[in-house]
Amino acid sequence: MAGGNPAAWRRRDPADRRSGARLSQYLAFDYGQRRIGTAIGDRLTGAARPLATIAQHSQPDWAAIDRLIADWRPAALIVGLPLDEDGGEQPITEPARRFARQLEARTRLPVHLADERYSSRAADDALRSARASGAMNRRVRKGDRDGEAARIILEQWMAEQPG
């Protein structure tokens with residue numbers, strides 16, 4: 001799993017003085033019906049790491065989402081768009097789009113949709129590998145997959161951006 005130097009992930013990174021946003025930092029969401037995985041990443045390094053998994057009941061835990069945004073002050077938000085293998089929509093695709101629209105309206109930050117095909121499989125593989133190598137010395141918890149999927153979505157999105 002990506003993590004890098006913990007000192008590089010301090011919340012007190014240089015910020016844009018006008019908006020308070022960290023110009024190269026992005027917050028990603030892996031939207032699900034029960035849980036929303038989150039990850040933070042930096043465009044300078046192209047690396048991301050999982051953050052908290054947010055409970056999802058009849059609606060997202062907006063207070064938890066608001067706290068993450070206030071703590072990390074990202075330049076933009078990335079929401080994984082669930083598509084099937086052929087690029088078609090799934091039953092969860094429209095709720096994910098609605099979540100992205102709500103995020104944009106609530107935060108007034110740019111929100112980008114990112115194709116998340118195979119991110120859950122890749123997250124399972126990464127977690128399995130981390131356990132096998134000893135990098136993760138505890139059992140995988142329910143929210144681990146969601147956070148890891150958000151990390152993968154974000155790293156893929158950053159890699160696809162020009163410049």
For Q90 against D84, the heavy-atom pair lying closest together: NE2-N, 3.5 Å
Measuring from atom CD1 of I153 to atom CZ of F29, what distance do you get when rounded to the nearest 0.5 angstrom? 11.5 Å
Look at atom CD of Q33 and say whether more than 12 heavy atoms of other residues, nucleotides or ligands are closer to it than 6.0 Å. no
For A75 and P110, work out which heavy atoms get closest and say how close. O-CD, 3.5 Å
Identify whether the distance between the nearest side-chain nitrogen and carboxylate oxygen of D66 and R106 falls below 4.0 Å. yes
Spatial distance of atom CG (L83) from atom CD1 (I92) [nearest 0.5 Å]: 12.0 Å
So, are R108 and E104 salt-bridged, with charged N and O less than 4.0 Å apart? no
Any donor-acceptor pair under 3.5 Å from E155 side chain to A47 backbone: no
Taken in chain and number order and not counting sequence neighbours, the residues that satisfy side-chain contact (heavy atoms from CB on, under 4.5 Å) with I69 are L27, I65, P74, L77, L103, T107, L109
Can any side-chain N or O of D86 pair as donor or acceptor with the backbone N or O of G88 at less than 3.5 Å? no
Rounding to 0.5 Å, atoms CD (E116) and CG (L154) come to a distance of 13.0 Å
Say you draw a straight line from CE of M158 to CD1 of I78; how long is it, rounded to the nearest 0.5 Å? 8.5 Å
When rounded to the nearest 0.5 Å, the distance separating CD of E94 from CG of L81 is 9.5 Å
Quick one: are Y31 and Q56 in side-chain contact, heavy atoms under 4.5 Å? yes
Atom of G80, atom of A96 and distance for their closest heavy-atom approach: O-CB, 4.0 Å
Determine, using ring centers only, whether F99 and W62 are less than 6.0 Å apart. yes
Does R97 reach the side chain of P95, with side-chain heavy atoms less than 4.5 Å apart? no
Applying salt bridge (Lys or Arg N to Asp or Glu O under 4.0 Å), run through R49 and E148 and close with a yes or a no. CA-CA 8 Å; R49 71 175 179 102; E148 188 64 14; over 6 Å; no
Cluster question for you: counting only ILVMFWY and a side-chain heavy-atom cut-off of under 4.5 Å, with indirect links fine, are W72 and L44 together? no
For R101, does the CZ atom sit with more than 12 other heavy atoms under 6.0 Å from it, leaving out its own atoms? yes
Any idea which heavy atoms bring A150 and A28 closest together, and the distance? O-CB, 3.7 Å
What is the distance from atom CZ of R98 to atom OG1 of T93, rounded to the nearest 0.5 Å? 11.5 Å
Whether the side chain of T38 engages the backbone of T53 through a donor-acceptor N/O pair (distance < 3.5 Å, no angle test) should be reported. no
side-chain contact (heavy atoms from CB on, under 4.5 Å) between Q25 and R73: does it pass, once the steps are laid out? CA-CA 8 Å; Q25 194 160 270; R73 295 188 319 271; 5.9 Å; no
